[in-house]
Amino acid sequence: MGHQTVIVLDFGGQYNQLIARRVRECGVYCEVRSYTTPLAELKAMAPIGIIFTGGPNSVYLDGAPCVDSEVFTWGVPILGICYGCQLMAHVLGGRVVPAQDDSAREYGKTMTRFDTGCKLFQSLPDTGVTWMSHGDYMEKAPEGFALTARSEACPNAAIADEKRGFYGVQFHPEVNHTSRGTDMIRNFLFQVCRAAGDWTMEDYKRSAVKSLRERIGEGRVLLALSGGVDSSVAAALLAEAVGEQLTCVFVDHGLMRKNEGDEVEAAFSKWAMNFVRVDAGERFLTRLAGVAEPERKRKIIGEEFIRVFEDEARKIGAVDYLAQGTIYPDVIESGAGAAAVIKSHHNVGGLPDCVEFKEIVEPLRLLFKDEVRQLGRELGLPEYLVTRQPFPGPGLAIRVIGDITKDKLDMLREADAIFREEMERAGEEKRLSQFFAALTNMRSVGVMGDGRTYDYAIALRAVTTDDFMTADWARIPYELLDRVSVRIVNEVPGINRVLYDVTSKPPATVEFE
Ligand code: XMP
């Protein structure tokens with residue numbers, strides 16, 4: 001493998017992905033594994049350290065997720081977080097009980113004092129805010145453990161048996177609310193596990209290219225390229241690995257933003273691979289004519305996408321591998337860990353059914369989104385592609401409210417390009433998660449020059465969010481809004497009014513349809 005590995009043992013906590021991201025941000029490779037993974041399998045990974053995650057259960061109840069006590073005899077350092085800490089205490093002979101009263105049950109930000117003599121808190125301030133979220137209480141630490149942090153309600157906020165390299169914290173160092181939490185994780189990795197910090201994107205690229213070449217051999221690979229970050233980076237990595245054995249089919253449904261189709265095509269011109277761009281705009285527009293209902297639009301686009309892809313795949317014939325841009329959060333969410341959250345992905349899906357292939361390759365399945373972006377840079381993809389904001393599969397079709405025509409799409413593309421240009425110029429794109437224009441189906445009266453107008457209103461949307469499940473509308477400067485508004489009504493015929501959406505999600509959604 002060429003790099004050290006830390007195992008994040010998943011007990012079903014809500015922040016588990018965050019733990020894994022923090023570890024990788026420190027330059028140490030880690031994988032999330034369910035607590036049900038056979039011990040032999042974990043041992044075969046030769047971990048330099050193990051982190052037990054939090055979880056919703058109580059360790060003292062029957063059937064609570066547990067771990068074979070043999071793991072404590074390997075000589076591998078362990079950090080237990082929240083449930084993981086209680087579990088370690090419970091298995092090693094301490095006592096965990098339900099908090100008797102509200103004062104010992106802690107949720108939220110808590111002032112905590114640390115023993116900076118403990119390796120976990122070494123070189124950090126001796127007081128700080130920690131993020132607590134626990135209803136159980138560690139009444140007695142196991143034999144050999146010292147108490148290394150305390151909060152007002154909880155004298156046992158952290159425990160350590162430094163001889164054996166076992167550490168436990170009741171709070172969550174992986175969330176941003178814990179001040180210097182990442183430094184605690186870094187201390188665990190570098191001071192306790194003696195990590196080398198050997199996880200770099202350059203190495204990853206090299207070893208991924210090598211292993212893809214070995215796996216694919218002379219085989220032929222097919223990839224549906226959407227122009228989004230994940231499929232673009234997957235395409236670039238495969239192009240680097242197997243060149244002309246790769247065919248990328250880029251279905252341009254005519255619902256892209258201004259210049260987007262050309263940009264995607266240009267980005268891949270440096271690789272000797274087969275790039276097929278299908279200009280299917282007419283086909284999609286014909287199918288969408290007169291359709292105003294959002295769900296119908298989505299369904300039509302999804303179906304048509306598959307039809308177009310099928311037509312192309314038929315021309316290509318049977319392939320050995322179908323490549324997909326699946327990334328690590330999708331893998332974890334689909335049940336690799338204990339926190340099996342089923343998320344409804346609204347992507348254009350169902351492709352594997354219509355193509356003959358032997359196997360699926362998912363070259364990004366162990367990477368987080370920010371790592372995918374880094375890999376894209378490492379492979380030489382342009383910055384605008386790797387930092388691209390999420391863009392819905394149905395494209396501008398769900399940003400033209402009501403029925404879709406080419407004229408409306410063109411108006412929207414121009415207005416959206418102006419908005420994006422001004423936002424980038426003002427440096428707002430670094431701060432915000434997503435922003436775009438949507439064409440409303442409202443027309444209103446205006447006055448331009450000496451004449452009356454009766455034109456469309458365009459809506460601007462900008463949000464900040466961590467996960468897109470909830471989002472806050474972005475407070476962008478009035479002067480910027482003013483510039484965008486003036487430019488749009490002057491430069492885009494057919495629009496005489498600009499609105500800014502000040503609704504968060506919930507109750508609204510990010511997109512308008
Ligand atoms: P909503 O509108 O559900 O959007 O608040 C949340 C995030 O998902 C994106 N989105 C989609 N992405 N296919 C996608 O790949 C879709 O059909 C789709 N609909 C919404 C949206 O842009 C936002 O980032």
Side-chain angles (χ1 to χ4, degrees), residues 223-235 250-258 260-261 264 284 287-288 291-306 308-309 324-327 329-330 333-334 341-351 362 364 368-370 372-373 385-402 404 409 412-413 416 419-420 423 428-440 459-474 501-513:
L223 174 90
L225 181 67
S226 70
V229 178
D230 303 341
S231 70
S232 296
V233 176
F250 170 43
V251 176
D252 186 347
H253 50 23
L255 305 165
M256 301 285 212
R257 289 165 292 195
K258 192 176 175 184
E260 201 163 31
V264 171
F284 278 85
R287 286 283 324 269
L288 287 167
V291 179
E293 209 275 309
E295 280 310 305
R296 271 212 28 84
K297 286 186 192 174
R298 282 174 182 274
K299 200 152 178 288
I300 289 173
I301 294 165
E303 282 169 8
E304 200 58 18
F305 194 93
I306 293 174
V308 176
F309 189 79
Q324 290 188 330
T326 318
I327 69 171
D330 306 334
E333 268 164 21
S334 62
V341 184
I342 310 294
K343 193 166 95 185
S344 73
H345 282 265
H346 30 198
N347 273 323
V348 187
L351 290 180
E362 296 174 313
L364 311 178
F368 286 110
K369 192 83 179 187
D370 38 355
V372 171
R373 293 188 209 280
L385 253 190
V386 294
T387 53
R388 180 158 279 179
Q389 294 177 4
F391 185 63
L396 298 184
I398 58 166
R399 292 181 183 171
V400 170
I401 300 171
I404 302 162
L409 284 170
L412 173 57
R413 263 190 274 266
D416 181 68
F419 184 36
R420 285 191 291 138
M423 291 287 269
E428 290 285 325
E429 96 277 14
K430 293 187 192 74
R431 187 174 74 81
L432 305 181
S433 312
Q434 196 174 7
F435 51 85
F436 54 85
L439 186 70
T440 73
L460 305 177
R461 179 86 166 130
V463 296
T464 53
T465 173
D466 286 330
D467 55 9
F468 294 93
M469 308 295 277
T470 62
D472 198 11
W473 64 273
D501 186 348
V502 291
T503 334
S504 291
K505 171 185 179 177
T509 55
V510 174
E511 302 287 347
F512 284 68
E513 289 197 333

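We count ligands from 1, going down the list as the structure has it; atoms in each ligand are counted the same way.
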Query raised in the report: When you look for heavy atoms under 4.0 Å from ligand 1, do you find them on the side chain of Q389, its backbone, both, or neither?
Result: neither
Query raised in the report: N/O to N/O below 3.5 Å, does that happen between E511 and ligand 1?
Result: yes
**Report entry** Nearest-option assignment for atom 5 (O) of ligand 1, heavy atoms, candidates E513, R461, K505
**Finding:** K505
Report task. Please identify which atoms of ligand 1 are closer than 4.0 Å to at least one heavy atom of R298. Result -> 16 (C), 17 (O), 18 (C), 19 (N)
Report task. Output all residues satisfying salt bridge (charged side-chain N to carboxylate O under 4.0 Å, His left out) with E513, sequence neighbours left out; order by chain, then residue number. Result -> K297
Report task. Measure the distances from the heavy atoms of M469 to every atom of ligand 1 and state whether one is below 4.0 angstrom. Result -> no
Query - P390: numbered ligand 1 atoms lying under 4.0 Å from its heavy atoms - result: 24 (O)
Query - R431 atom CZ, neighbour heavy-atom count above 12 within 6.0 Å - result: yes
Query - Interfacing atoms of ligand 1 (cut-off 4.0 Å, heavy-atom, T509) - result: 1 (P), 2 (O), 5 (O)
Query raised in the report: Mind checking whether P392 has an N or O less than 3.5 Å away from an N or O of ligand 1?
Result: no
Report summary line: So the atoms of ligand 1 within less than 4.0 Å of a heavy atom of P394 turn out to be 13 (N), 16 (C), 17 (O)
**Report entry** N or O pair under 3.5 Å between V510 and ligand 1
**Finding:** yes
Query raised in the report: Side-chain donor-acceptor pair under 3.5 Å between T464 and S433, yes or no?
Result: no
Query raised in the report: So, are E295 and K299 salt-bridged, with charged N and O less than 4.0 Å apart?
Result: no
Query raised in the report: When the aromatic ring centroids of F436 and F419 are compared, is their separation below 6.0 Å?
Result: no
Report task. Using salt bridge (charged side-chain N to carboxylate O under 4.0 Å, His left out) as the criterion, list what pairs up with K505, not counting sequence neighbours. Result -> none
Query raised in the report: With distance as the sole test, does T465 use its side chain to make a donor-acceptor pair with the main-chain N or O of T470 at under 3.5 Å?
Result: yes
